[in-house]
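Hydrogens, waters and symmetry mates play no part in the numbers below; they use all other heavy atoms, side chains included. All chains are named by letter (A, B, ...) in the order of the sequence lines, taking the proteins before the strands, and each is independently numbered beginning at 1.
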Amino acid sequence: MATTLTINGTSHDVDLPGEVPLLWVLRDGLNMTGTKFGCGVAACGACTVHIDGEAVRSCQVALEDVWGEVTTIEGLGTPERLGRLQAAWIEHQVAQCGYCQSGQIMQAAALLAETPQPTDAEIDEAMQGNLCRCGTYPRIRAAIRAAAGMSQEG
Amino acid sequence: MASIGKIARRTFLFGTAAIAGGAAFGAWYVSRPAPMPLTSAPGRTALNPWIIIDETGVTVVAARAEMGQGVYSTLAAMAAEELDVAWDQVRVIHGPPAQAYFNGAMGGAAIPTPEYQQSAFQHRIGDWLEVIPKVFSMQITGGSTSTRDGFDKLRLAGATAREAMKEVAADRLGLRRSQLRTEGGQVIAPDGTTLAYAELAEAAAGVELGEVPLRPRSEWTLLGKTLPRLDMPAKCTGTATFGIDVRPEGLRFAALRRNPNLGAGMRGFDASAAKGMAGVEHVVELPDGVAVVATNTWLAQQAVNAIEVDWEPAPYPETTEAIFEAIEAAFDTDPNSTMRDDGDVTALPAGAQVIEASYRTPYLAHATMEPMNATVLFTGDALEIWAGNQGPVIARDRAAEAVGLDPEAVTFHTTLMGGGFGRRGEFDYVLQATHVAKAVPNVPIQLSWSREEDMSHDFYRPAALTRWRGAVADGGAVMLDGQIAGQSCSQQAITRWMGFAPGGPDKTHVEGASDQPYGVPAYRVRGHIADLAVPIGFWRSVGASGNAFGLECFMDEMAHAAGTDPIDFRLALMRGEHAPSAAVVEAVRDMSGWTGRTPDGVGRGMAFSMSFGTPVAEVIEVVQEDAGIRIARAWIAADVGVALDPGNLEAQLVGGMIYGLSAAVQGQITFAGGAVEQQQFYDYDGLRMHNTPAFEVQVLENLGHISGVGEPGTPPAAPALANALFDLTGRRARSLPLNTEFDLLV
Ligand code: FES
Ligand code: FES
């Protein structure tokens with residue numbers, strides 16, 4: 001039952017039942033653990049990845065339904081070659097425990113791809129599905145604004 | 001002020017342990033140095049339990065759990081400050097479970113007197129109590145103690161390592177140690193000759209030194225500045241390894257279901273449907289549940305949910321209301337504690353106005369972002385464990401015991417953790433994974449809980465009822481008398497950890513109410529313990545998390561009755577009692593531009609709480625909008641004595657306040673039929689981007705000693721919000737969460 005997925009530009013054969021959510025294909029099938037499990041029911045955003053550039057909750061997409069190329073946090077950049085948002089996140093020292101941050105960054109990346117200079121209301125709208133129990137929201141907002149090349153004021 | 005005589009007559013939690021267990025053997029046991037927990041290898045030298053030096057730089061062992069609070073970086077900076085290494089040469093690891101890493105500040109925190117009143121006599125008791133954590137190997141992260149405990153230890157570790165390497169260098173160069181200086185991981189001679197630490201470390205490990213003085217603050221180059229966190233790049237690139245991310249070769253994945261009636265057992269189960277499901281390899285019976293081992297966590301979850309189980313009933317009343325009736329009944333029992341008893345609460349001055357109010361706070365879940373999990377490999381004669389945890393010694397010992405091995409047969413890796421908030425001080429999830437691994441030997445097993453299991457099988461912040469009576473005269477408070485009824489966290493948690501129930505008054509049960517720096521002439525607080533079997537534990541800021549709600553809302557009610565501005569009302573009680581506390585209240589007043597007046601549609605509230613020695617004052621502004629009441633702005637002022645990393649302090653205070661507001665707005669754990677009703681983030685949610693206020697933070701340094709900040713931002717959040725809602729609506733909130741009575745934006 002091998003299914004072929006393209007993840008971060010690389011092709012992977014996956015031998016798991018078609019109903020297994022993409023989240024668990026990534027984490028347990030391919031050992032790509034940057035994408036996190038928080039709830040399994042689309043309530044926290046920790047598992048956010050992109051499919052063809054669109055932010056999706058990977059806990060809700062079955063392997064057999066993956067419709068395009070998958071990008072995960074590992075595909076956005078590495079510690080040696082940081083993506084633009086990752087650099088902004090580090091600049092603003094956003095993470096506390098860090099567990100939600102893969103999902104936050106993937107969600108923010110999709111936002112900026114669609115809305116390069118988001119208003120605060122647009123940031124609220126795009127990011128409110130992503131829970132952070134450590135309460136890093138003010139710094140997430142600041143990092144998004146910085147990555148968008150916007151001032152911190154308004 | 002509580003008198004010394006009164007204190008001596010009181011017994012207290014750890015105090016009883018000290019007298020029963022510590023007095024006889026404590027003295028010698030404590031003076032004996034703990035065994036060295038690290039081993040050296042060629043090219044890699046452990047200079048002391050905290051510092052390892054090799055070719056590539058310095059590794060600091062941070063023996064406290066990094067669960068988001070930044071302790072990894074702050075502890076490393078303490079050592080690096082004295083060691084003279086560049087920040088980018090520093091790495092940090094959690095280190096093994098070991099007696100050397102006991103948390104001395106935990107014992108000091110057990111003194112029954114309010115921290116701000118501690119006399120020299122009590123500081124000596126505090127020193128004595130430091131022995132308890134050492135004797136019991138309390139390698140625990142909690143009580144906001146990590147920086148307090150580490151501040152001297154890590155700097156001394158750095159300083160002695162530096163001087164030892166200078167000593168070796170001096171010997172090699174034929175110079176005196178005092179002629180040498182250190183910089184960037186090198187010893188430098190007056191003529192410019194350099195010797196890298198890596199060349200000196202091995203010989204330095206054998207050097208005995210006398211006392212090495214610590215550098216004065218004026219010479220600090222790392223401490224006192226905002227440093228980039230060492231764990232930040234990994235956490236922003238998906239490369240940080242949390243417990244749930246470890247992937248040893250051959251790993252299998254397990255899911256479990258436990259009795260929803262907490263603490264009760266299992267009569268039997270039928271796993272026939274589960275056994276044939278995709279990916280399933282084993283079904284394992286646990287003492288109070290059942291686990292499935294599969295090739296994938298999700299497949300294991302599907303299979304475990306297909307098992308039919310016959311559960312035993314709950315060992316506590318089955319509904320929230322019945323539980324609260326049992327809590328209410330505790331008011332009729334003798335108090336467990338009278339931690340504050342100043343003046344005479346029954347004698348009131350003529351003309352004093354008496355007011356009364358009762359408050360109710362719910363059970364709360366920790367809801368860490370990363371659900372509970374542990375990975376265990378059992379090979380018959382050894383155990384290897386990977387787990388995020390706040391107490392590795394206890395977790396290791398209990399896991400060893402469960403499979404009949406000695407603790408020495410356990411290799412324990414403490415991973416990064418996706419939140420702790422007190423939850424990871426428990427070891428239940430480590431034990432369960434160990435049981436599963438024992439049933440499937442020679443295969444590493446990762447047991448992760450589903451969110452539903454995590455939400456419904458916590459050790460909850462205990463619910464409580466509080467009755468306050470107070471009296472005001474001439475615009476100020478003259479009497480304050482509180483009674484708190486609820487379960488005792490300390491009795492239950494310490495029984496789990498240590499195997500015995502501590503006797504005596506429970507300080508944590510009333511902290512946040514009995515220990516506040518209010519110089520009310522008559523001030524009494526009694527604690528009544530409700531004997532219930534609902535599993536409870538330490539939740540960020542512990543007793544103060546709930547007790548500050550009642551006290552600080554009541555302060556507001558008294559101020560209102562007295563016709564005094566609530567900030568002036570508090571300042572009048574604080575100024576003569578504890579100046580640093582008064583200063584944080586003044587700071588938050590000035591920052592927020594507090595006038596005591598707000599326009600229509602806007603409300604402001606203030607609250608104060610001193611927890612774990614750190615006074616914190618918070619102001620909240622709420623605004624009525626079409627969609628509901630928005631928490632628009634928040635101001636925080638805190639005194640930490642010595643501000644080591646301003647950026648991290650700000651993050652912790654804001655995060656702590658958001659954690660408190662999340663609970664205040666909509667956090668509650670309720671019971672029906674013996675089971676917890678909340679299962680997920682949709683019915684136990686927190687603040688999110690759109691309803692988080694804008695923050696301003698100010699950190700003061702008047703305390704005179706260093707103090708922690710991981711928890712103290714939490715307690716004032718709920719009462720500050722409730723007081724702001726009163727200002728906006730004229731309605732008093734006396735029960736949490738607040739969205740049951742107010743139309744808050746969620
Ligand atoms: S794990 Fe997918 S949204 Fe929470
Ligand atoms: S940083 Fe901990 S949950 Fe977001």
Side-chain angles (χ1 to χ4, degrees), chain A residues 16-17 19-21 23-25 27-29 31-41 43-44 46 72-74 76-79 82-83 85-87 89-90 93-102 105 121 123-141, chain B residues 66-70 226 228-229 231-242 244-245 247 253 278-279 295-299 301 367-371 416-421 448 450-451 647-648 651-652 654-659 662 680-682 685-692 694-695:
Chain A
L16 280 167
E19 77 262 25
V20 175
L23 169 65
W24 296 108
V25 172
R27 291 188 51 80
D28 295 358
N31 289 343
M32 295 179 66
T33 55
T35 305
K36 300 301 188 219
F37 164 60
C39 69
V41 298
C44 77
T72 69
I73 185 73
E74 292 95 339
L76 231 51
T78 62
L82 295 167
L85 273 162
Q86 292 167 324
W89 244 246
I90 292 170
Q93 294 283 298
V94 173
Q96 290 189 26
C97 84
Y99 194 78
C100 73
Q101 299 297 344
S102 297
I105 291 171
I123 294 175
D124 283 350
E125 179 66 28
M127 301 303 296
Q128 68 176 269
N130 289 74
L131 180 65
C132 174
R133 287 291 288 161
C134 298
T136 63
Y137 306 114
R139 290 188 180 192
I140 291 174
R141 186 186 301 278
Chain B
E66 176 55 65
M67 44 195 173
Q69 79 282 44
T226 297
R229 282 175 58 148
D231 53 357
M232 192 60 69
K235 287 178 173 178
C236 298
T237 51
T239 54
T241 304
F242 296 89
I244 205 166
D245 298 331
R247 290 290 178 273
F253 302 91
T295 53
N296 184 290
T297 305
W298 189 81
L299 293 172
Q301 287 174 356
T368 61
M369 205 67 209
E370 178 192 16
L416 289 175
M417 48 213 91
F421 313 127
S448 340
S450 65
R451 175 57 56 192
N648 194 50
Q652 285 308 302
V654 168
M657 188 172 184
I658 289 176
Y659 198 74
S662 293
Q680 263 292 355
F681 286 132
Y682 50 70
D685 207 347
L687 289 198
R688 299 201 175 217
M689 182 65 90
H690 67 290
N691 58 2
T692 290
F695 287 88

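The two residues B:Met417 and B:Met67 have their closest heavy-atom pair at CG-CB, 3.3 Å. In terms of heavy-atom proximity, A:Tyr137 sits nearest to A:Asn130 at CE2-O, 3.7 Å.
Of the listed residues (B:Pro371, B:Ala651, B:Gly686, B:Gly279), the one with the most heavy-atom contacts under 4.5 Å to chain A is B:Ala651. Ranked by non-hydrogen atom pairs under 4.5 Å with chain B, the options A:Pro79, A:Gly34, A:Gly77 are led by A:Pro79. The candidate with the highest count of non-hydrogen atom pairs below 4.5 Å against chain B, out of A:Ser102, A:Gly135, A:Cys132, A:Ala95, is A:Ala95. Counting heavy-atom pairs closer than 4.5 Å to chain A, the top-ranked of the candidates B:Phe695, B:Phe681, B:Trp298 is B:Trp298. Chain A forms more heavy-atom pairs under 4.5 Å with one residue of B:Leu299, B:Leu416, B:Asn648 than with any other, namely B:Leu299. Contact tally against chain B (heavy-atom pairs below 4.5 Å) for A:Gln101, A:Gln86, A:Met32: the top residue is A:Gln86.
Proximity to chain B involves both the backbone and the side chain of A:Ile90, based on heavy atoms less than 4.5 angstrom apart. With a 4.5 Å cut-off on non-hydrogen atoms, A:Ile123 touches chain B through its backbone and its side chain both. With a threshold of 4.5 angstrom between heavy atoms, B:Ala240 approaches chain A through N, CA, C or O but not through any side-chain atom. Both the backbone and the side chain of B:Tyr682 come within contact range of chain A, judged by heavy atoms closer than 4.5 Å. If you measure heavy-atom distances from B:Thr297 to chain A, the contacts under 4.5 Å come from both the backbone and the side chain. In this structure, chain A has heavy atoms under 4.5 Å from both the backbone and the side chain of B:Glu370. If you measure heavy-atom distances from A:Glu125 to chain B, you find no contacts under 4.5 Å at all.
Partners of A:Arg27 under the salt bridge (charged side-chain N to carboxylate O under 4.0 Å, His left out) rule, at least two apart in sequence or in another chain, are B:Asp245.
You'll find the side chain of A:Arg133 stays beyond 4.5 Å of the side chain of A:Cys97, heavy atoms only.
One distance of note links CH2 of A:Trp89 with CD1 of A:Ile140; it measures 5.5 Å at 0.5 Å rounding.
Between A:Phe37 and A:Trp24, the two ring planes are tilted [angle within 30° to 60°].
Under the 4.0 Å criterion applied to side-chain N and carboxylate O atoms, B:Arg229 and B:Glu66 are assigned as salt-bridge partners.
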